[in-house]
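To find a chain, count down the sequence lines: A is the first, B the second, and so on, and within it residues start at 1.
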Amino acid sequence: MTDKVSENLLLKPSRPVGIVGYGAYVPRYRLPAKEISRIWTGGTGGVPIQEKSVPGPDEDTTTMSIEAARNALARAGIDPEEIRAVWVGSESHPYAVKPTSTIVAEALGVVPFTQAGDWEFACKAGTEAMVAAMGLVGSDMAKYALAIGMDTAQGRPGDALEYTASAGGAAFLLGPAEESVAVIESTLSYVTDTPDFWRREYQKYPEHGQRFTGEPAYFKHISSAAQSYLDATGTTAEDYQYAVFHQPNSKFPSRVAGQLGFSKEQIATGLLVSVIGNTYSGAAIIGLTAILDVAEPGDRILMVSFGSGAGSDAFGIRVTERLPERRDLAPKTQTYIARRTEIDYATYSRMRGKLVLK
Amino acid sequence: MTDVVIAGIGQTTVGEHWHLSLRELAYHAIEAARLDAGGLLPQSLFVGNMLAPNLSGQAHLGVLIADFAGLRGIEAYTVEAAGASGGAALRAGYLAIKSGFVDVVLVVGVEKLTDKVGPEVDTAIATSLDSDYEAVQGMTPLTQGAMLMRRYFHEYGVPQHALAGFPVTAHANGASNPNAMFRKAIKPELYARVGMVCDPLNMFDAAPEADGAAAVLLTRADLLPPDANHTPIRIAGSSVATDTLSLHDRPDPLDFRAARLSVGQACLQAGLAIDQMDFFELCDAYSVYAALTLEAAGFAERGLGWVLAEEGQIGLKGSIPISTMGGLKARGNPIGATGLYQVVEAVQQLRGVAGNNQIPEAKNALIQCLGGPASTAVTHVLTVL
Amino acid sequence: MEIPRHWRLKKQRYALVGEVCPHCDAKIFPPRDVCPECGDEAKTLFEFSGRGEVYSYTTLSNAPAGYQASAPYTVALVKLDEGPMVTAQLTDIGEQDVEIGMPVEMVTRKLRSEGDDDRGMLVYGYKFRPMELQQLAAAAD
């Protein structure tokens, strides 16, 4: 298939769907990039971000998903037993076999009458889950579906990714548009087989194609998805108050935003990578939570994720009048970012299980 | 009613007995007790033990020990109540004699901690807690002691190092007990200097768990051998009380309710008031437990147990001597055997053979062992017959 | 493996689900089916808010088997707003000093890996952390 643009490329639910509740999570520990540089390059050379978030020793994708989802439910104010799907997208599920989602569903009180599944598509597993949840709700199969993108990303010690591979993410309770704080108007996906980054079974750390991860992977997919979405919806960058793109570092999302005609101001609110790092499956969507924390009714938001391997999902979102009264019902994303304990590389090594104990 | 008397006592030293097995430890104490009793032949054996199934992979201690001690054929089984196992086994023996069904009972407390080494030992000791709601959180008895100590200081505004008198007294007394694990006095200044184990609980606030075995032979007064050459000691009161298993289920965790109830019942049975007791062998697994026990038993007002230590009232010459042979702190804490060590030591005092630690003309002894933070409390009153 | 006993307790562990006495309204945790206040049967499920304050605490470095990876860790008795007290670890303490009376809130975290290695079942359960997010949010407003 070519990059043919037409409205039938849009994924649009037959009944309007929106975000009924949203929640973020960022663990409290921070490892400054300078500290990584001190260990591996003697402190010379530039660093891609200021610092990254690090999960505590008792945290993983499951526990972080539970907290983000509790925040989403607090804002939604619905009975968890009405949820018919709990889908967790991540590339760091604690089990290779055994769902993260059943644990999350149990903790939230959603069980037993629910779908539960773990999604995997590198950094866009979370938005995959969101699109699926849109389908479930938009087809009227279910009233509510919970989609989560969360990661405790791994970077090989000394690798370029170690500077950014961080932990965090967000949860979205999707439901009928009329109950929503923000309506998801439509979405569009752009996917090809592009091996820019992967992790083979049983391997602890991922491999990546270095500069190959840029142009043919990140930029090609995000800009294609975004431009196709704008074309299909007949909108331009100016129609959106905010935009957020997958953020593996500070440079990539800024550049792709510029290429698409978005200003620095439009992406500033959702651009968190310099202070929390790349949260992988959580990266684009945690940016969205930061935007929802401040956006006003009527504001439009463009969100485009990217997952290696490779693909992008673009979403057009419009804030409703319900948002201002709901957003204070759970901690805001910037509050999690402000909660901060700096650690050194030795503590990081211990907390992330990088010391050989047996 | 029949008087139950203690006809013989025996004990091993407390410590790390690398070369001795559980059965050998028990046998050494039994052998000494039987020798001391002048040839009485037991018909029942009650074993006080907590950790053998966990640390030695051994249950079924009754027959193991009866068989090994040359008593094949007799009634024998284990009584378990964590740190109160020894006292509970004594209680079982007492009831057996009192009932008239049994003439001579052997009670042995034995604990073998050094069959395993490492964190598994802490895990085994923590089985005295609620496994589902306490131990699963990484809690151990040590942390319970530390949390109670912190709360004690907070609630009563107790000055720093106020509990120093407990380990200082215990070590002073342990110095002249040949069976004690630690036989060295410590200075209060040292208490203030040692490292924390579990803040605010320092190294001297926690008794060391170690191997040991102690045994007694019980019988009726009329069955004592005519040539018995020591003062017969009577069990005048015996009581077991329980509280909630978990600290968190108590309305007031600083109230050692089971300790209070069982002292009350044992004293009532003995017809003695606490001020008639010449000494009190209590559970000083953690120094704050000694303070809380003194308060629960009625020797001090709530929040003032530490003052007895501060004023020297718990010393051998004080108003209520405790830990007269070193207590759990200096003699050592062989968990399921501790209750029997207390009995053996109390009998030494009442017989007048406690050597340098002798309390002059001791006639009445109060002894109490605890399982957990007084989740189980076993109290006995011993008197000179 | 201790799978069944952890599995059985998941409601209590993950979300602090206890009971409320239908006779005297006492809130009960851990669930015990018999009301400790009035002695009547109490089996009605009740989900606690997860908020409470520290009654006492200590920090342990000599951890039992299965807990060394997180040592040193702080354990506490936490008095829940609804009345009962629970034993739990404190987590995410940060730079602040833990104090008696400190307000805390429940979070669901990893307690341990069953079997003490990377192969065993993960045991999740409640821990408590300082009510710091609320303070930060108030400070930001």
Side-chain angles (χ1 to χ4, degrees), chain A residues 24-30 55-67 69-71 73-74 80 93-96 98 100 102-111 152 202 204 293 327-343 350-353 355 357-358, chain C residues 3 6-7 9-17 45-47 49-50 63 67-74 88-96 105-113 116-141:
Chain A
Y25 184 72
V26 183
R28 75 167 302 140
Y29 304 98
R30 300 286 181 278
D58 58 359
E59 295 189 284
D60 62 18
T61 291
T62 305
T63 66
M64 291 162 45
S65 294
I66 290 170
E67 178 152 348
R70 281 187 178 138
N71 288 335
L73 289 181
H93 290 289
Y95 291 94
K98 194 217 169 296
T100 302
T102 52
I103 308 169
V104 175
E106 186 81 51
L108 300 175
V110 176
V111 293
T152 56
Y202 308 120
K204 192 165 183 182
D293 283 342
R327 60 181 156 219
D328 289 329
L329 298 175
K332 291 179 182 158
T333 306
Q334 286 294 349
T335 307
Y336 278 110
I337 294 171
R339 184 186 69 140
R340 178 184 175 280
T341 296
E342 189 173 315
I343 56 172
R350 187 187 170 195
M351 281 168 53
R352 296 299 289 140
L355 301 176
L357 299 176
K358 54 182 160 187
Chain C
I3 299 168
H6 294 306
W7 165 79
L9 294 169
K10 57 187 182 289
K11 290 259 182 249
Q12 293 93 310
R13 292 261 176 81
Y14 293 173
L16 222 54
V17 175
L45 294 183
F46 177 80
E47 187 166 338
S49 68
Y67 297 88
Q68 287 102 335
S70 38
Y73 53 87
T74 300
Q89 283 188 29
L90 300 184
T91 188
D92 282 356
I93 293 167
E95 286 90 21
Q96 60 187 293
E105 63 181 343
M106 189 273 277
V107 289
T108 307
R109 293 293 172 92
K110 268 188 296 191
L111 295 180
R112 61 174 296 180
S113 170
D116 308 339
D117 59 20
D118 291 340
R119 297 172 59 198
M121 182 190 75
L122 294 165
V123 181
Y124 294 97
Y126 51 81
K127 293 188 182 183
F128 288 79
R129 71 175 171 205
M131 297 272 277
E132 188 186 8
L133 287 164
Q134 293 79 353
Q135 293 161 12
L136 286 169
D141 284 346

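The candidate with the highest count of non-hydrogen atom pairs below 4.5 Å against chain A, out of C:K127, C:M121, C:K110, C:Q134, is C:K110. Between chain A and the options C:L136, C:L111, C:L122, the largest number of non-hydrogen pairs under 4.5 Å is found for C:L122. Of the residues considered (A:K98, A:R70, A:M351), A:R70 shows the highest number of contacts with chain C, using heavy-atom pairs under 4.5 Å.
In terms of the side chain to side chain donor-acceptor pair (under 3.5 Å) criterion, residue partners of A:E342 (sequence neighbours excluded) are, by chain and number, A:R340. Residues passing the salt bridge (Lys or Arg N to Asp or Glu O under 4.0 Å) test with C:E47, sequence neighbours excluded: none.
Panel note: side chain C:R109, backbone A:D58; no donor-acceptor pair is recorded below 3.5 Å. Without hydrogens or angle criteria, A:R350 side chain to C:A69 main chain gives a donor-acceptor distance under 3.5 Å.
With a 4.5 Å cut-off on non-hydrogen atoms, C:R119 does not touch chain A at all. Interface residue C:T108: backbone and side-chain heavy atoms are both found under 4.5 Å from chain A. With a threshold of 4.5 angstrom between heavy atoms, A:E67 approaches chain C through side-chain atoms but not through N, CA, C or O. Residue A:L108 does not touch chain C at all, counting heavy-atom pairs closer than 4.5 Å. Looking at A:Y29, only its side chain comes within 4.5 Å of chain C, counting heavy atoms on both sides. Contacts of A:R339 with chain C are made by both backbone and side-chain atoms, with heavy-atom separations under 4.5 Å. Only the backbone of C:I93 comes within contact range of chain A, judged by heavy atoms closer than 4.5 Å.
Smallest separation of non-hydrogen atoms from A:A107 and C:A15: O-CB, 3.6 Å. Between C:L133 and A:T335 the shortest heavy-atom distance is O-CG2, 3.4 Å.
Atom NZ of C:K10 sits about 10.0 Å away from atom OG1 of A:T102, to the nearest 0.5 Å.
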- [ ] Give the intermediate values and the outcome of side-chain contact (heavy atoms from CB on, under 4.5 Å) for residues A:R28 and C:R129.
- [x] CA-CA 11 Å; A:R28 75 167 302 140; C:R129 71 175 171 205; over 6 Å; no

